[in-house]
*Asks:* 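Pasting a structure below so you can have a look.
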Amino acid sequence: MNPRLYPLAATIAIFLLAWVICVMQFPYMLSTRVVGNLLTDNAYLGIVAVGMTVVILSGGIDLSVGSVIAFSGVFIAVMLRDSGLHPLVVFALLLVVTSAFGAAMGWLIHALAMPPFIVTLAGMFLARGAAYMLTIDSVPIDHAFYDLLDDAYYLMPGKGRLTLIGVVMLLTVLVGMIVAHRTRFGASVFALGGGEATARLMGVKVGRTTVAIYAFSGLMAGLSGIVFSIYTSSGYPLATVGTELTAIAAVVIGGTLLTGGAGFVFGTLIGVLTMGLIQTYIVFDGTLSSWWTKIIIGLLLLAFILLQKGLLRVTTARAGA
Amino acid sequence: QTVGFSQIGSESGWRAAETTLTKQQAEERGIDLKFSDAQQKQENQIAAIRSFIAQGVDAILLAPVVATGWDSVLEEAKEAEIPVVLLDRQVDSDKSLYLTAVGSDLVHEGEVAGQWLVDAVDGAECRVVELQGTTGSSPAIDRKTGFEKGIAGADNIEIVRSQTGDFTRAQGKEVMESFLQAEGGGADICALYAHNDDMAVGAIQAIKEAGLKPGEDILIVSIDAVPDIFQAMAAGEANATVELTPNMAGPAFDALKAYMADGTEPAKFIQTESKLYTQDDDPAGEYERRKDLGY
Amino acid sequence: MTALRRVTPQLLTLAALVALVTLFFPDFLRIEVVNGRLVGPIMDILKRGAPVGLLAVGMTLVIATRGIDLSVGTTMAITGAVAAWSITQGYGLGGALALALLAGVLAGLWNGTLVAIIGIQPIVATLILMTSGRGIAQLVTEGRILTFSHDGMAFFGSGDLLGIPAPALLWGLTAVAVALLMRRSALGMLIEAVGVNRAASALAGVNATVLLIAVYVASGLCAALAGIVATADIRGADANNAGLWLELDAILAVVIGGNSLLGGRFSIAASVLGALIIQTVDTGILLAGFPSEYNLVIKAGLVLVILVLQSPNLAHHWYALRRAAQARRERAMDTAKETGQ
Amino acid sequence: MTFRCDMLLTIRSLTKTFPGTKALDRVDFDLAAGEVHALLGENGAGKSTLIKCLTGAYERDEGVIALDGATVSPRSTSEAQELGIGTVYQEVNLLPNLTVAQNLTFGQEPTRFGMVDRRAQRRQAEAMLEGYGLDIDVGRDLSAYSVAIRQIIAIARAVALSGKVLILDEPTASLDAREVETLFDVVRGLRDRGLGIVFVSHFLDQVFELTDRVTVLRNGQKVTTERTADLDRVQLIEHMLGRALENEVVGHAKTHVAQDRPELLAFENFGRRGHVEPFDLTVGEGEVLGLAGLLGSGRTESAELMFGLAAAHSGGARDQSGALDLSSPRAAIAAGFGFAPEERKEDGIVADLSVRENIALALQARRGWARPVPRAEQLRLADEYIEKLDIRTSGPEQPIGDLSGGNQQKVVLARWLAMNPRFLILDEPTRGIDVGAHAEILRLIQQVTAQGMSILVISSELDELIAVADRVIVVRDRRHVAELTGSEITTDTIVRAIAAPGRDQAEASV
Ligand SMILES: Nc1ncnc2c1ncn2[C@@H]1O[C@H](COP(=O)(O)OP(=O)(O)OP(=O)(O)O)[C@@H](O)[C@H]1O
Ligand SMILES: Nc1ncnc2c1ncn2[C@@H]1O[C@H](COP(=O)(O)OP(=O)(O)OP(=O)(O)O)[C@@H](O)[C@H]1O
Ligand SMILES: [Mg+2]
Ligand SMILES: [Mg+2]
């Protein structure tokens with residue numbers, strides 16, 4: 001096996017191992033219901049994590065996505081309430097807005113040579129603030145088209161539901177895999193992650209690529225916002241606080257290096273499912289107090305990262321010898 | 001009997017008390033309670049309810065973090081024939097999707113507080129500052145609306161400043177300090193209305209540090225009735241609070257029991273009392289009664 | 001002199017902000033003496049800026065090593081809880097302070113070990129404590145707001161010395177002490193060297209691992225001080241809300257202070273000024289009396305403007321412009337000389 | 001402004017100023033089609049800067065560039081590539097996190113339906129590497145390969161991109177003789193096809209072997225352009241330095257026999273599984289040891305083992321007073337060791353810090369943080385070495401990252417000399433260093449060894465080893481295979497020892 005695939009393999013192995021452990025304790029975890037739930041409940045996270053993966057692969061970071069998801073929900077809800085537009089039109093409008101927002105952040109990052117962490121932090125405040133300015137209330141979405149989207153699922157044997165948004169997430173991962181690993185744009189992303197100065201000397205159009213990367217992340221955040229609004233049939237300015245951190249954790253668990261230049265979009269899917277698995281396990285257990293929940297989530301996160309590191313060290317040492 | 005309980009989080013002492021009481025009530029009735037803390041996130045709550053359904057619990061208690069967005073997951077529960085009882089906050093889904101809701105009327109709470117102030121100032125001019133809860137949260141919105149309703153008839157009362165204190169003590173204190181600065185060192189403020197007791201307790205400290213006497217120079221009315229506000233009332237530093245009982249689970253379990261025994265449909269809304277406490281209601285005693293409830 | 005030059009942009013920003021707030025709130029600069037204490041919006045800023053200011057001191061060191069510490073807000077909650085718990089358990093002021101500082105050191109050791117020895121990337125390593133730490137804090141407080149009444153402890157929140165609020169004194173002294181320690185000893189240079197190139201520094205014999213751990217411990221200590229201030233301020237430990245999202249403000253302060261997130265050269269003074277700038281924005285928004293749903297947008301807008309104005313590239317463009325003008329002048333002079341001869 | 005229309009590439013009055021340095025001062029340069037044109041000069045003369053201005057990596061202050069008679073102004077390297085200018089920059093400019101194939105085809109990936117066609121990409125990459133005698137898997141990450149291989153890949157990429165002009169900035173610095181010969185064949189082939197080639201090197205032999213014309217820069221100004229055939233070595237050096245060089249190749253100064261040196265250190269059965277086979281080695285006081293071998297033979301790894309960068313699996317080291325602790329660089333430094341590494345950018349310089357701080361760094365680390373080296377002392381050290389090693393810098397406070405490659409190397413040397421260790425390991429100390437400084441460093445080695453310091457030199461330049469070493473250890477396949485002393489040290493004997501029995505291709509190529 002190509003050594004660059006080791007982190008991905010380690011991630012998948014650990015995920016499967018964790019699942020086996022869960023199933024041994026709660027046989028129900030093997031049901032299609034739980035599988036369907038994992039996909040549906042983490043659909044918005046998976047989509048936004050795909051965008052985050054591309055950003056992190058380029059050596060950047062995007063802290064604004066959680067706020068952008070919230071903004072998207074509010075934007076859709078308010079537009080549907082106040083204007084007679086069809087949801088599809090609103091979706092298109094929204095994706096334009098969020099992509100432009102991402103592009104603007106990318107431009108700032110490039111043109112002013114400011115660190116992405118800070119620019120997107122300001123973006124995070126701005127997007128959340130913009131959501132507040134649209135409404136401070138939670139706004140329900142009441143539209144026949146939404147009921148349609150909501151009821152679109154395939155009932156798997158065992159009563160598990162493969163929902164539309166779950167499928168959208170899987171498709172997004174696929175698209176993300178192609179964009180990151182199979183296009184010239186993707187190659188430029190990896191090049192930037194390998195080192196901006198070198199990438200520049202190799203002929204990467206740094207400015208254009210940076211803008212495109214953050215625009216892509218904005219697009220994904222917008223799409224995630226749409227999915228989230230379908231998931232909850234509403235828009236709420238306080239939604240998805242801290243989702244950016246969950247997404248980053250998922251990307252890292254998925255075997256992508258935060259320093260950029262190495263990683264896999266597919267790994268991110270596994271990372272997202274891992275986070276979902278941790279969540280599900282804790283709910284199934286149902287005995288943890290509020291505070292132990294927090295501690296255990298952190299410790300499980302650490303355990304995954306340590307296992308991954310250990311496994312990698314063992315395999316590379318084996319390969320080196 | 002297994003009951004899943006999806007709690008919002010542990011963001012305040014009041015909520016910690018609600019969690020404690022729910023667990024207590026479940027234990028007393030021999031119910032196996034599956035507890036899930038959503039850390040203030042709706043998405044976690046939805047995921048938790050889905051997991052409860054997958055596990056096949058007998059009933060679900062839900063303290064919804066926000067009013068909207070529950071339709072599809074409640075429908076799923078209904079299809080799986082698992083009754084859902086809402087605790088302390090309402091949802092705007094169809095009433096057929098849940099068994100009943102136990103809670104207080106948030107608007108009414110604000111109204112009670114407003115009416116108390118109208119009575120207390122008795123026609124005198126009064127400039128009020130307001131400490132809001134977390135921007136966008138339903139208690140913040142409703143308690144603001146309710147208070148405004150309560151003082152609607154009294155032209156002598158006017159809200160001059162209103163800022164969010166995020167339901168926390170520290171923010172309550174910080175924002176109150178800036179209110180005092182902005183309003184002539186506090187001389188122009190006649191009363192404070194805080195959306196919860198924690199912010200009021202923080203604000204009381206700010207007022208004391210500014211050299212004024214809370215409860216006399218500035219009247220203080222807030223909501224929740226947590227132990228610390230009774231302590232302040234006993235010391236004459238706070239004037240009134242509106243109770244929001246943390247024991248929502250008791251009525252909920254009662255309703256569930258009846259429903260499961262013979263299918264008795266409870267009322268769709270079991271309203272808990274929004275009782276007003278003032279300095280005359282034995283605050284010291286109330287403090288003693290409450291201080292071990294896990295607030 | 002060079003130190004003053006380094007912080008000029010921050011000083012100018014602060015001055016501009018003060019002018020802006022004064023426009024909306026004319027009494028902004030008023031300071032009175034009440035009961036022997038200085039009172040006024042400026043004093044409030046100095047006092048309220050204490051937590052972020054303290055966090056920024058530690059964060060500056062961490063960032064200088066090319067790291068980041070997301071756990072400081074949570075560490076505040078833990079140390080605050082420990083302080084309040086030990087006061088209520090009757091350990092006395094000294095015991096409470098010692099235990100709280102110890103908790104901060106432990107948090108720093110944990111982060112430092114994950115980063116420097118196990119080699120987890122700082123963002124993720126500190127994210128772990130950030131998520132689980134609040135649980136630990138709540139374990140201590142059992143989820144309630146752990147109140148205490150101890151005037152000695154409360155002094156750190158609302159006391160004053162020579163008319164100056166104690167928190168302001170505390171963070172001022174901490175900043176000065178750390179800055180002096182860094183520049184009077186070789187620590188500053190060694191930290192910068194490790195931040196720029198850990199491999200090369202280690203090869204030159206710098207004990208990079210210990211230095212990295214020390215930096216996270218320092219950050220934990222600063223967070224402990226901030227936690228003590230926050231707890232003393234409300235005379236209670238609020239495990240769930242103390243220091244919530246303050247790590248972001250602290251990072252922002254460091255960056256507004258002109259320190260690079262890529263590590264290397266750092267200035268504590270500039271970071272502390274950054275913290276003051278942020279607090280001025282926050283207090284200014286409160287005093288100006290806008291509806292609270294605008295708070296975030298105003299803050300984001302102001303921060304963006306400040307960052308853009310201080311961006312190195314803008315300075316670079318400015319430098320290039322000036323140099324071009326100078327070259328043109330020189331050439332004009334050259335031709336003048338040539339024709340003159 | 002006049003362009004010579006017979007020239008492929010014309011540069012007129014190119015000027016570039018960095019804060020504090022005028023790197024290029026109205027430089028003119030002409031490149032004809034079908035010539036190899038050497039660009040020479042001391043470290044910091046401005047060669048790399050000229051190239052970067054030409055390819056748009058730097059923004060020039062002034063000057064005009066014409067390609068085929070038409071003025072061009074590439075604002076980025078990608079624009080330069082589109083104009084047909086392929087470049088190998090001094091720092092290997094490839095991405096270690098991409099595969100070899102991705103690096104080679106970057107920007108020109110074959111696509112099908114908008115997606116990169118992996119198989120075609122592989123084929124294309126393999127085709128590009130043909131003729132360089134490399135047998136590697138292009139699907140592996142670049143980081144799996146050594147610096148030398150990366151250098152060749154960078155060259156192959158630049159060659160493929162260069163429709164008209166090929167620029168090579170010190171391409172041979174990390175290549176061995178055989179690989180240099182391969183490269184030269186490729187370059188000659190391109191010249192014969194009518195390309196213009198710019199060649200930067202500090203190896204004058206290579207310049208005389210390969211190039212048609214020479215342009216010399218000094219302190220950012222053009223000194224002269226002449227036909228290579230019209231020059232001799234001495235003249236060329238005079239052009240570069242602005243003065244004559246006293247005794248360029250230091251004579252064999254080994255007057256005394258190695259045996260009568262008191263023993264300083266001894267390594268016994270010292271080794272690490274999978275890295276270096278256990279070896280025995282004694283080091284005499286004031287002795288210069290040379291380590292010779294092919295690329296990847298394990299010289300650097302031997303050195304890293306001795307300096308505690310990797311833990312030894314067997315054996316140990318001792319001096320008169322007993323066993324030495326070499327478990328980490330810090331321990332090794334405490335034992336009086338020093339190590340100037342081969343990869344100066346990754347392991348040597350601390351880019352943002354000043355020259356002064358870089359020199360004082362190791363000294364400071366040894367004293368501990370609580371006892372800072374006084375600023376005056378640091379400045380004295382910096383000034384001393386800036387003068388001694390002729391470091392070209394605008395002052396001791398200039399960030400080392402802004403220095404030219406060769407001058408960075410000198411600062412790293414200065415750092416260790418300032419420590420005055422008893423045993424100093426120098427891994428490729430003269431890589432990328434100009435003739436003048438080269439001689440200077442060899443002289444310095446002799447000077448410090450005369451005062452009792454022992455030195456281990458790793459070098460791919462046999463002449464250098466022959467010039468300074470009292471003893472040469474030959475490394476092959478991670479094993480120390482031979483030891484040559486005194487008069488045994490000749491090019492011939494070393495090459496013979498390097499080429500294992502049955503592995504005589506190395507001998508054939510030298
Ligand atoms: N980015 C930079 N900032 C400031 N000064 C620089 C920068 N790059 C180069 N210089 C200065 O410009 C001068 C020319 O450097 P350049 O790299 O062109 O030298 P060179 O001839 O390639 O030397 P070498 O043989 O050592 O590679 C040097 O004095 C160097 O210090
Ligand atoms: N041509 C090559 N092909 C594959 N691997 C190589 C090659 N050259 C070096 N390596 C690898 O690089 C590692 C480092 O070798 P090392 O640096 O010790 O050799 P060296 O003799 O110092 O050579 P150099 O002069 O390149 O530094 C070795 O583990 C070796 O596997
Ligand atoms: Mg050069
Ligand atoms: Mg080597």
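Just so we're on the same page: letters track the sequence lines, and every chain starts at 1.
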*Asks:* What part of D/E346 is in contact with chain C, defined as an atom under 4.5 angstrom from a non-hydrogen atom: side chain, backbone, both or neither?
*Replies:* backbone

*Asks:* If every non-hydrogen atom of C/S185 is compared with every non-hydrogen atom of D/W369, which pair is closest and at what distance?
*Replies:* CB-O, 3.4 Å

*Asks:* Examine whether an atom of C/R184 lies under 4.5 Å from a heavy atom of chain D, and if so say whether it belongs to the side chain, the backbone or both; otherwise answer neither.
*Replies:* backbone

*Asks:* Should the pair D/F18 and D/Y58 be assigned to parallel (<30°), tilted (30 to 60°) or perpendicular (>60°) ring geometry?
*Replies:*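 It falls in the perpendicular class, over 60°.
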
*Asks:* Relative to chain C, which segment of D/I333 carries a heavy atom at a distance below 4.5 Å: side chain, backbone, both, or neither?
*Replies:*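 Side chain only.
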
*Asks:* Can you see whether C/N259 engages C/T60 through a side-chain donor-acceptor pair at a distance of less than 3.5 angstrom?
*Replies:* no

*Asks:* Between D/A365, D/A360, D/S328, who has the most heavy-atom pairs with chain C when the cutoff is under 4.5 Å?
*Replies:* D/A365

*Asks:* Determine whether the side chains of D/R299 and D/S459 contain a donor N or O and an acceptor N or O closer than 3.5 Å.
*Replies:*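 Looking only at side-chain atoms, D/S459 and D/R299 do not form any donor-acceptor pair under 3.5 Å.
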
*Asks:* Counting only heavy atoms closer than 4.5 Å, note whether D/R415 contacts chain C via side chain, backbone, both or neither.
*Replies:*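 D/R415 touches chain C through side-chain heavy atoms alone.
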
*Asks:* Is the terminal nitrogen or CZ of C/R183 (NZ for Lys, CZ for Arg) located under 6.0 angstrom from the six-membered ring centre of C/F266 and within 45° of that ring's axis?
*Replies:* yes

*Asks:* Is the closest basic N to carboxylate O distance between D/E357 and C/R265 below 4.0 Å?
*Replies:*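 Here D/E357 pairs with C/R265 in a salt bridge, since their nearest N and O are under 4.0 Å apart.
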
*Asks:* Measure distances from C/A202 to the heavy atoms of chain D and classify the residue's part below 4.5 Å as side chain, backbone, both or neither.
*Replies:*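 The backbone, not the side chain.
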
*Asks:* Please flag which part of C/L181 lies under 4.5 Å from any non-hydrogen atom of chain D: side chain, backbone, both or neither.
*Replies:*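 It is the side chain, since no backbone atom gets that close.
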
*Asks:* Pick one of side chain, backbone, both or neither for D/L361, based on which atoms fall under 4.5 Å of a heavy atom in chain C.
*Replies:*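 When you check distances to chain C, atoms from both the backbone and side chain of D/L361 fall under 4.5 Å.
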
*Asks:* Rounded to the nearest 0.5 Å, what separates atom CG in D/L291 from atom CG in D/D427?
*Replies:* 8.5 Å

*Asks:* Can you say whether D/I349 sits under 4.5 Å from chain C via the side chain, the backbone, both, or neither, judging by heavy atoms?
*Replies:*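 Answer is backbone: N, CA, C or O of D/I349 sit under 4.5 Å from chain C.
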
*Asks:* So which part of C/L190 gets closer than 4.5 Å to some heavy atom of chain D, the side chain, the backbone, both or neither?
*Replies:*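 For C/L190, the side chain is the part near chain D, not the backbone.
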
